A.B. asks: 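Can you keep this structure in mind? I'll have questions shortly.
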Amino acid sequence: MTWIDPGSWLGLESSPYYKCLVWRDFAIDATYRPREVEPRWQARWQDAGIGEVDLGAAKRPYYNLMMFPYPSAEGLHVGNVFAFTGADIHGRLRAMQGYDVFEPIGFDAFGIHSENTAIKQGIHPKALVAANTQNFRRQLRRMGGRFSWSHTLDSTDPAYYRWTQWIFLKLFEAGLAYRKQAPVNWCPSCRTVLADEQVISGHCERCDSVVEQRNLEQWFFRITAYADRLLDHLPDLDWSELIKTAQANWIGRSTGASLTFSLIAPASGEIEVFTTRPDTLYGATFLALAPSHPLAAAIPTAEFRPKVAAYIEQAAKADPAEIGTERAKTGVLTGAFARHPLTKEALPILVADYVLAGYGSGAVMGVPGHDQRDFDFAQALGLNIQRVVAASADDIGPLHEAFTDESGVLVNSGPYDGLSVAAAKAAITARAEHDGFGAAKTTLHLRDWLISRQRYWGPPIPVVYCDACGTVGVPEEELPVLLPETEDYVPQGTGASPLASIPGFVNTACPRCHGPARRETDVSDNFLCSSWYFLRYPSHPEVTDRPYDPELIDKWLPVDSYIGGREHAVLHLLYTRFICMALFDLGLLPFEEPFRRFRAHGTITFQGGKMSKSRGNVVTPDDLFDRYGADTTRLYLMFLGPYQEGGDYSERNIEGIWRFLQRVHRLVKDAKSPPKTCASAHLADLHRVVKRVTEDLEALKYNTAIAGLMEYNNLLRQRTDPVSHQELATFTLLLAPLAPHLAEELWQALGGAFSVHSQPFPSYDPSLLIEDTATVVVQVDGRVRARLTVSAGTAEAEVRRQALALDSVQRHLDGAEVERLVFVPDRLVNIVRKI
RNA sequence: GCCGAAGUGGCGGAACGGCAGACGCGCCGCACUCAAAAUGCGGUGGGCAUUGCCCGUGUGGGUUCGAAUCCCACCUUCGGCACCA
């Protein structure tokens with residue numbers, strides 16, 4: 001029996017376990033049998049509470065979050081395993097680095113997706129969710145995640161959605177939740193309205209049906225009030241750039257001016273337009289109104305009225321599939337005119353469906369010279385095209401397309417001729433303000449978040465309508481408003497939720513006057529459930545009288561690391577930021593931004609396409625777990641490509657990982673009475689792999705971390721010197737975050753105390769990485785011609801002497817003189833010939 | 001159209017101003033075996049060839065002693081947004 005030295009250089013001196021490491025006869029299976037090993041360690045970890053953390057007592061809290069999964073009927077697919085494994089590796093690394101890692105998981109089980117599946121299968125969503133959740137738990141355990149199982153959440157639990165409703169109430173009380181009649185997106189298949197963010201190119205995010213526009217009264221959250229903050233914080237967030245860009249584009253803040261045009265008699269009134277190019281005001285040759293603009297039907301002269309009415313009617317029932325796509329420009333004259341505020345010219349007013357009702361004021365000033373849409377429209381209808389910006393003052397030729405370059409100068413613009421575009425924007429806006437026909441204005445692409453859904457499977461919106469008192473929030477102490485049990489949960493398409501046909505639910509007493517009242521029957525958007533779940537995790541399930549415990553919030557939040565899919569860039573990730581800002585403003589949270597760091601993982605495709613049930617190409621991990629075990633599956637998915645880029649799933653490479661893990665197993669199994677410590681000749685190799693793996697794991701470069709371990713394994717296997725216990729132990733520790741089960745098995749075989757996952761992660765000594773010899777590449781005119789082995793730090797003069805003495809160098813020098821010599825110490829000399 | 005990411009062997013990918021193709025898959029050869037599988041060892045970008053040489057990182061230019069890497073233009077693929085004035 002041999003005691004192992006603490007090995008201070010490995011950073012293990014602080015470990016209470018390392019000192020106990022003893023050499024002993026191996027207790028390890030002759031062959032690598034993950035199917036036996038993995039369940040054994042999973043059970044042991046659970047018994048020992050590996051993954052659980054004392055949230056109150058933790059000294060170095062580290063909140064490692066992964067996205068709240070929806071427990072689908074198909075079960076976990078390899079895309080989920082890919083996502084969670086990457087996050088789990090990060091959590092395991094941080095835990096070994098001495099952090100108290102909190103890595104919760106839960107189930108986002110409300111929502112249209114669950115409900116649609118339930119309807120299709122004829123199973124009540126509650127029963128379906130219970131079965132799916134069980135299956136997910138089983139699969140997540142099999143995956144070997146380091147989850148804090150004691151804090152698992154289910155968003156359909158009344159103890160959870162009670163607080164989802166509470167958040168709605170808080171926003172309602174603050175005036176951030178309001179009800180209005182508006183044109184909204186209606187999915188005819190899901191029979192509910194959808195938020196703008198849930199409409200993908202005119203199609204329903206969940207079922208891909210073409211979305212229609214309906215004018216309905218709905219609940220909204222005033223997210224637009226937070227647009228500036230949501231946008232302005234972005235540069236400072238440590239988030240994947242692509243997510244930040246997507247959010248900035250979605251918020252779509254654009255600055256310009258609001259300008260007012262007076263109508264010319266016999267019409268009367270004003271038309272307000274928004275433009276980002278007030279500098280082109282002199283180029284305005286017409287005004288165009290959206291078909292649903294209030295004045296569109298009101299101003300046409302008798303002569304034009306029938307045509308306009310027909311156009312408006314046709315626009316209203318336009319093919320829904322074409323909504324949101326670019327079409328040939330059409331429009332009709334109204335016969336009415338507006339006065340240009342500066343030139344006083346009469347501008348014709350038209351109705352055109354390329355003008356969007358929902359953006360700006362629903363009307364535009366047509367500047368065909370400098371806006372391509374206006375140009376196309378003007379050409380189609382034979383309207384005047386006027387140039388007011390040019391590359392230079394004498395560039396005044398006819399336009400064949402809109403000139404949109406903003407680096408030009410103003411022409412044909414009266415007193416503003418010669419000004420730059422930027423200067424003219426300011427000058428004309430100032431003029432508009434001075435003369436009273438306009439002002440600087442900012443508009444947004446972002447709309448308020450439509451929160452109500454005419455569905456069954458969600459948290460009822462906690463509001464009551466009373467004839468005497470109006471719209472009244474359900475008092476906090478009466479929450480939750482329980483989702484009633486019913487078998488009639490299929491939406492009828494009437495525009496009302498299935499809850500509306502349950503009299504016992506609808507009819508209630510007004511909380512204020514106790515008179516008869518009706519409940520709101522819509523439920524809230526599923527994204528509200530997932531906008532705050534990470535606030536609840538630390539407090540669940542002990543805290544029952546509040547959504548979350550302020551002390552735990554202070555200690556554990558904001559989230560240290562959040563890893564998830566990029567598809568939520570403008571959905572979950574934007575909504576959540578908004579909810580946190582609103583709660584912050586209400587004094588209910590001590591921070592505005594919930595996630596310190598967010599990294600978007602890549603997408604796993606299959607045969608080049610998205611993995612989806614409708615394509616019938618969902619790959620479940622159970623088969624891989626059965627055949628190869630969780631560790632092989634984890635490594636295989638991580639080895640597919642860079643974690644933040646994803647890759648195409650194909651089982652081609654899995655055998656390589658399987659063989660690698662078997663070789664690792666064999667390396668430890670076959671070690672016979674190894675020396676305690678690493679021979680000095682091999683220390684640099686050992687420290688190099690520690691450095692490489694550490695850096696790659698930190699950077700989520702799991703594919704190259706695995707490659708580094710493979711290389712080191714090959715090195716050890718092929719070495720003729722015996723492999724020391726220290727090298728085997730270090731290798732095992734480096735492997736632990738990636739292949740937790742095998743690492744535990746090997747660690748035990750090496751005599752380590754349970755658990756490998758409680759050990760400090762190895763550190764390295766940079767001074768040991770310095771080699772005493774260096775290979776210097778010798779180039780002639782930039783081409784490699786030879787290599788020199790020199791002692792490290794050899795001076796330029798000596799390297800030059802040796803290099804020039806080489807036959808191959810002389811041959812390529814071919815008698816020419818040396819013009820210059822580039823020298824990079826210990827790496828390269830480049831001899832440049834004089835020609 | 002706009003925004004973003006990416007184009008490297010037969011394949012997944014590595015290197016991200018300094019030896020292109022790490023690592024793995026596949027393939028070829030060898031060993032072990034009666035044989036096969038498994039395992040181990042060796043080879044594997046293309047071309048020419050006797051040491052060696054030439055070509056090669058989507059295309060075309062540029063910067064540099066030196067470019068897969070930086071800059072400009074273009075092409076292609078994937079993802080997101082899309083008549084947002």
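Just so we're clear, the structure is a prediction, and the values are computed from it rather than from any experiment.
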A.B. asks: Please state the C1' separation for the pair B:U8 and B:C55 - nearest whole angstrom.
C.D. replies: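 To the nearest whole Å, 15 Å.
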
A.B. asks: Expressed in angstrom and rounded to an integer, what is the separation of A:Ile654 atom CD1 from B:G13 atom P?
C.D. replies: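 In whole Å, B:G13 P and A:Ile654 CD1 are 16 Å from each other.
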
A.B. asks: Closer than 3.5 angstrom, by distance alone: can the side chain of A:His370 be matched with the main-chain N or O of A:Val388 as a donor-acceptor pair?
C.D. replies: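 At least one qualifying donor-acceptor pair exists.
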
A.B. asks: B:U76 and B:C30: how far apart are their C1' atoms, nearest whole angstrom?
C.D. replies: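 After rounding to an integer number of Å, I get 43 Å for this pair.
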
A.B. asks: What's the verdict on side-chain contact (heavy atoms from CB on, under 4.5 Å) for A:Ser258 and A:Phe437, showing C-alpha distance, side-chain angles and the deciding distance?
C.D. replies: CA-CA 8 Å; A:Ser258 166; A:Phe437 67 85; over 6 Å; no

A.B. asks: Quick one: does A:Asp353's side chain have a donor or acceptor within less than 3.5 Å of a partner on A:Ala315's backbone?
C.D. replies: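 Not confirmed, A:Asp353 side chain does not pair with A:Ala315 backbone.
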
A.B. asks: So what does A:Arg717 touch, heavy atoms closer than 4.0 Å: a base, only the sugar-phosphate, or nothing?
C.D. replies: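 It contacts sugar-phosphate atoms only.
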
A.B. asks: Hey, does A:Glu197 have a side-chain heavy atom less than 4.5 Å from the side chain of A:Leu446?
C.D. replies: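 When only atoms from C-beta onward are counted, A:Glu197 and A:Leu446 do touch, with a gap below 4.5 Å.
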
A.B. asks: So what does the secondary structure string of RNA chain B come out as, 5' to 3', with Watson-Crick or wobble pairs under 3.5 angstrom, [ ] for crossing and | for pairs with another strand?
C.D. replies: (((((((..(((.....[....)))((((((.......))))))((((...))))..(((((..]....))))))))))))....

A.B. asks: Please give the distance between the P atoms of B:C23 and B:U44 as a whole number of Å.
C.D. replies: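 Their P atoms lie roughly 12 Å apart.
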
A.B. asks: Quick one: A:Glu655 CD to B:U39 C1', roughly how many Å, whole number?
C.D. replies: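 One finds 13 Å between C1' of B:U39 and CD of A:Glu655, rounded.
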
A.B. asks: As a test of the definition: with a 90° window around 0 for syn, would you call B:G9 syn or anti?
C.D. replies: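 Chi for B:G9 falls in the syn range.
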
A.B. asks: Choose from B:C25, B:C53, B:C65 the nucleotide whose nearest atom is closest to any side-chain atom of A:Arg652.
C.D. replies: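 Of B:C25, B:C53, B:C65, B:C25 is nearest to the side chain of A:Arg652.
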
A.B. asks: For the pair A:Tyr354 (side chain) and A:Gly331 (backbone), establish whether a donor and an acceptor sit closer than 3.5 Å, ignoring hydrogens and angles.
C.D. replies: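 No, because the side chain of A:Tyr354 does not come within donor-acceptor range (under 3.5 Å) of the backbone of A:Gly331.
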
A.B. asks: Strictly distance-based, threshold 3.5 Å: is any side-chain N or O of A:His812 a donor or acceptor partner for the main-chain N or O of A:Asp807?
C.D. replies: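 No; zero donor-acceptor contacts below 3.5 Å.
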
A.B. asks: Classify the nucleic acid contact of A:Val784 as base, sugar-phosphate or nothing, counting any heavy atom under 4.0 Å across all strands shown.
C.D. replies: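 Sugar-phosphate, backbone atoms only, no base.
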
A.B. asks: For the pair made of CZ in A:Phe823 and C1' in B:G66, what is the distance, rounded to whole Å?
C.D. replies: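 Checked: the CZ to C1' distance equals 16 Å.
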
A.B. asks: How are the rings of A:His601 and A:Phe82 set relative to one another: parallel (under 30°), tilted (30 to 60°) or perpendicular (over 60°)?
C.D. replies: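 Geometry flag for A:Phe82 against A:His601: perpendicular rings.
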
A.B. asks: Between C1' on B:G1 and OH on A:Tyr354, what's the gap in Å once rounded to a whole number?
C.D. replies: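 The distance from OH of A:Tyr354 to C1' of B:G1 comes to 16 Å, rounded to the nearest Å.
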
A.B. asks: Categorize A:Asp374 for me: base, sugar-phosphate, or nothing, with a 4.0 angstrom heavy-atom threshold over every strand shown.
C.D. replies: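 If one applies the 4.0 Å heavy-atom cut-off, A:Asp374 turns out to touch nothing in the nucleic acid.
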
A.B. asks: Quick one: A:Gln198 CD to B:G80 P, roughly how many Å, whole number?
C.D. replies: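 These atoms are roughly 16 Å apart.
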
A.B. asks: Using whole Å, report how far CD1 of A:Ile831 lies from P of B:C65.
C.D. replies: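 Distance check: A:Ile831 CD1 to B:C65 P gives 16 Å.
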
A.B. asks: Please answer whether the main-chain N or O of A:Arg833 pairs with a side-chain N or O of A:Asp781 as donor and acceptor at a distance below 3.5 Å.
C.D. replies: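 Side chain of A:Asp781 to backbone of A:Arg833: a pair is present.
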
A.B. asks: Distance criterion of 3.5 Å, no angle test: do you see the side chain of A:Arg787 paired donor-to-acceptor with the base of B:C19?
C.D. replies: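 Flag set: donor-acceptor pair detected.
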
A.B. asks: May I ask you to say what A:Asn249 touches in the nucleic acid, namely base, sugar-phosphate or nothing, with a heavy-atom cut-off under 4.0 Å?
C.D. replies: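 Sugar-phosphate, no base atom in range.
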
A.B. asks: Quick one: label A:Leu356 by what it contacts on the DNA or RNA (base, sugar-phosphate, nothing), any heavy atom closer than 4.0 Å.
C.D. replies: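 Touches a base.
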
A.B. asks: Closer to the 5' end of RNA chain B via nearest nucleotide, is it A:Ser254 or A:Arg663?
C.D. replies: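 Per heavy-atom nearest nucleotide, the more 5' residue is A:Arg663.
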
A.B. asks: On a whole-Å scale, what distance lies between the C1' atoms belonging to B:C25 and B:C74?
C.D. replies: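 35 Å, rounded to whole Å.
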
A.B. asks: Students often get this wrong, so: under 4.0 angstrom with heavy atoms, is A:Val355 touching a base, only sugar-phosphate, or nothing?
C.D. replies: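 It contacts base atoms.
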
A.B. asks: Which part of the nucleic acid, if any, lies within reach of A:His370 when heavy atoms closer than 4.0 Å are counted: base, sugar-phosphate only, or nothing?
C.D. replies: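 Touches nothing.
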
A.B. asks: Check the distance between B:G18's P and A:Gln779's CD and give it to me in whole angstrom.
C.D. replies: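 Nearest whole value for this atom pair: 11 Å.
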
A.B. asks: Check every strand shown and say whether A:Gln247 touches a base, only sugar-phosphate, or nothing at a heavy-atom separation below 4.0 Å.
C.D. replies: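 It contacts nothing in the nucleic acid.
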
